[in-house]
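For the numbers below, each heavy atom of this structure counts, side chains included, while hydrogens, waters and symmetry mates do not.
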Amino acid sequence: MAFLGTAARRVMACRQSLTPLCRATTRCYSSQSTHITEKSVPYEKTLKQEDGLSGPTKPLPKSADVVVIGGGSLGCQTLYHLCKLGMTNVVLLERDRLTAGTTWHTAGLLWQLRPSDTEVELLAHTRNVISSELEEETGLETGWIQNGGLFIASNKQRLDEYKRLMSLGKAYGIESYVLSPAETKDLYPLMNVKDLYGTLYVPKDGTMDPAGTCTTLSRAATARGATVIENCPVTGIQVKVDDFGVKRVKVVETAHGTIQTPCVVNCAGVWATKLGEMAGVNVPLIAMHHAYVVTERIEGIQNMPNVRDHDASVYLRLQGDALSVGGYEQNPIFWNDVSDKFAFSLFDLDWDVFMQHIDGAVNRVPALEQTGIKSTVCGPESFTADHKPLMGEAPEVRGFFLGCGFNSAGMMLGGGCGKELAHWIVHGRPEKDMYGYDIRRFHHSLTNNNRWIRERSHESYAKNYSVVFPFDEPLASRNMRKDPFHQVLQEQGCMFQERHGWERPGWFNRGGPAPVLDYDYYGAYDVPKNTDYKYSEILGKEYTFDFPPHHDVIRDECLTCRNAVAVFDMSYFGKFYLTGPDAKKAADWLFTADVNKAPGSTVYTCMLNNRGGVESDLTVSRLEPSPAHLPLTPESNGEAYYLAIGGGVAQHNWSHIQAVLQDQGFHCTLIDHTEDMGMVSIQGPKSRELLQEVLDSDLSNDAFPFSTHKIVNAAGHKVRAMRLSFVGEMGWELHIPKESCLPVYHAVMAAGAKYGICNAGYRAIDSLSIEKGYRHWHADLRPDDTPLEAGLAFTCKMKTSIPFLGRQALEAQKAEGLRRRIVCLTVDDKVPMFGLEAIFRNGVPVGHLRRSEFGFAIDKTIGYGYIRNPDGGVVSPDFVRSGEFTLERMGVTYKAAAHLKSPFDPENKRVKGIYG
């Protein structure tokens, strides 16, 4: 008998070393092997084809409203939820049998707590579907086992992370407990607790059965009218170009016939990239080997919770009277040549790679040292650049939806994501904030970049069990997009952040340059590990849930902006022009605010979806009709608008605008000049005096009022100057042609020297903006928030008769009253908060913080979150004023003051230049 500890080491010692990047031998699931048997996966059954059917299990219909491709967890969940929304003419095509490819061998773990409110909600829905809803609907059991979950902490930082999860769980009513080592031993007697700092126990976590779940889902869907066809590989997808030049899905092709359809859902897992290629769609995921071993019987293990020992990068899944042992390593094996014939097959386990998990498992449960290995399971899984799924409508082809790239979490996220994807298809947008999963979160220049996909997916895999710190940054595939200021800022100690492929300034290190180096794969695959890597070393010091060590540097940047003047490089902003015969109609429909002021005006506005949710906030500047002087001025004989949009969400905005223009049939042109211009923002009480020396224009309030723009000369170079602020100070943005960026920057810095000017980064912007009460899209402003809930009713032209997208939803919400409302909360205690802290009103949980920073001018921690009335009633201003609020941070409660207006400059004087 092979024992988990000793025999595995003997096997490893005998194997010839191979290059990990190249190993990819496969074998049939049912083939005989001395170390893998027919019981390779820890389930009662799989849906593997036994009788060798050669054709589809059902005739193909001529047409369908939706064709779901792929019969794994996501495909079955999406089909089921489409049917629950009332669709019946829907088809699922599976090339082999349901669960083939990846789902059949997945571990099936479900953990309820994650460091994301959206994911907590998605997981809750999956759990509800699997544990009760399906059984009530069909009378069939899915195989759900509620044995609980236990997270292991071997250090204080890890336990702090778990305490953050516990606090978030209270906002959602999820039962969890932080246990001492002794309490952990009582719960799990076989566990070694000598090296533990503590654990997080979630009693209602559990385990899912892939075959049972997918069988039940497919039966429930077919009972509602859906058609499930197995043994039917897709061979092509026809795309048509409509009268507006827009590509749309037309036909799904198979060897056994075609199906006309306007909508395809790519749930093909590892094979999703190939399916995307059939339609001309980039699917940025990569296939890797992912493995676990199943032990022989362990006395006393029955009914124990599943275990995640993140610091050892290992999980222990209960399997009756045995355990499945797996994890995430820093040298995973890539599957470069994905085979179309791989269905219920497995790879040979590479013990050289897997052995690190054995050591962690044996340390945690010493009984494993003398426990036999019943089987090994090594199958393909798909991974993505940020370890998040790929969902939503592809920007390249309308009607082509993605539901793939689930990074080994397809079972536990399947129910929630299947529901949201179905809603996306039927209603045009999901119900929840799914931006973190939306394919449009990636810039189009990255989604077909093999280096970026490979490097970032590797790093995300290797760091899957790492502590999720608030200020972490990737090391892989950096320097993909750099603005004209990059080198000069790097020389001044800039610590860059990565957003949307861009390098943007985070903060300025006083210790000199700290450049980002090429990715070293953490030393894996014989790649030399970077040494003397200053950027990585500084970043590592930021790994804390306390105030970071460079808190004082960010303070100085903020206070210099508040008291003198600071310059911010914001060049990564998206810069679009909207022109054409229907530009005014499009602007009226797209934007919540009335942007058709006099030429020269700039308006802060939102864009909404049809449910009134905020898809974007941006500034829109109305331009004078003029001949083209690009990149500062587009050619226009009629209306033209300049759109400036947060750079991290530029692709999302571009795709949203294009989709609306297409759906409404507007004759417009959207032009992207992001790469052609830089942008610096000069902010602070001294900004006017400084810029008056650089610009050839009168900057007085009368000549250049707030929310206006004009073309001016800056140190002899034409720029577009805008009087705006995202930090709550008097200031101007300079939008500068690329070749003029450095001369203008040097002129600004030279003129600013006597005023005490400093460079400042986005860490300072985060603090300054929250202090002023400005929203950050996808933090305290998301697609599941309306402007009314977010305190942005002033951006909506509700007093006019002009229709705009989402207006009807806002009118209905206004009439009904707000059931949730954003609130500013401040804490006198000098404690850092980062978001996800639970909000209590009169001792009852009413929400959680979306975003939190320290405000240096008011010298307090500030947080913003949306609160609800526990009784389900309206959340009025009086409801806020009459409550006593507290915040829970890592299990500790702090008194908080609630504000309906920003506590800093509530009368909004400073942006108007009124100081003193």
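- Note on ring orientation: taking the six-membered ring where Trp is involved, the planes of His778 and Tyr435 are perpendicular (angle over 60°, cut-offs 30° and 60°).
- For the atom pair CG (Asp205) and CD (Gln112), the distance works out to 5.0 Å, reported to the nearest 0.5 Å.
- Less than 6.0 angstrom separates the ring centroid of His486 from the ring centroid of Phe496.
- A donor-acceptor contact under 3.5 angstrom links the side chains of Asn336 and Arg454, judged on distance only.
- Under 3.5 Å, the side chains of Tyr461 and Glu329 contain a donor-acceptor pair of N or O atoms.
- Taking the six-membered ring for Trp and thresholds of 30 and 60 degrees, His310 and Tyr162 have ring planes inclined between 30 and 60 degrees apart.
- Inspection of the Asn331 and Tyr525 side chains reveals no N or O donor paired with an N or O acceptor under 3.5 Å.
- With sequence neighbours excluded, no residue forms a salt bridge (Lys or Arg N to Asp or Glu O under 4.0 Å) with Asp520.
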- prompt: When you look at Tyr328 and His357, which way does the ring pair (Phe, Tyr, Trp, His ring centres under 6.0 Å) test go after all the steps?
  reply: CA-CA 8 Å; Tyr328 292 83; His357 306 311; 7.9 Å; no
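- Distance check: Asp433 CG to Ser116 OG gives 8.0 Å after rounding to the nearest 0.5 Å.
- Side-chain atoms of Arg478 and Tyr535 include a donor-acceptor pair closer than 3.5 Å.
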- request: Output, in order, the C-alpha distance, side-chain angles, deciding distance and verdict of salt bridge (Lys or Arg N to Asp or Glu O under 4.0 Å) for Glu230 and Arg97.
  value: CA-CA 6 Å; Glu230 298 172 278; Arg97 284 296 213 193; 3.1 Å; yes
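- Residues meeting the ring-ring contact (aromatic ring centres under 6.0 Å, His included) test with Phe471, sequence neighbours left out: Phe834.
- Taking the side chain as every heavy atom from C-beta outward, Val325 and Val365 never approach each other to under 4.5 Å.
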- request: Show the numbers, then the answer: is there a side-chain contact (heavy atoms from CB on, under 4.5 Å) between Glu498 and Val516?
  value: CA-CA 10 Å; Glu498 187 275 342; Val516 180; over 6 Å; no
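- Taking CG of Leu275 as the start and CG of Leu402 as the end, the distance is 9.5 Å to the nearest 0.5 Å.
- Every residue two or more places apart in sequence or in another chain that forms a ring-ring contact (aromatic ring centres under 6.0 Å, His included) with Tyr522 is listed here: Tyr519.
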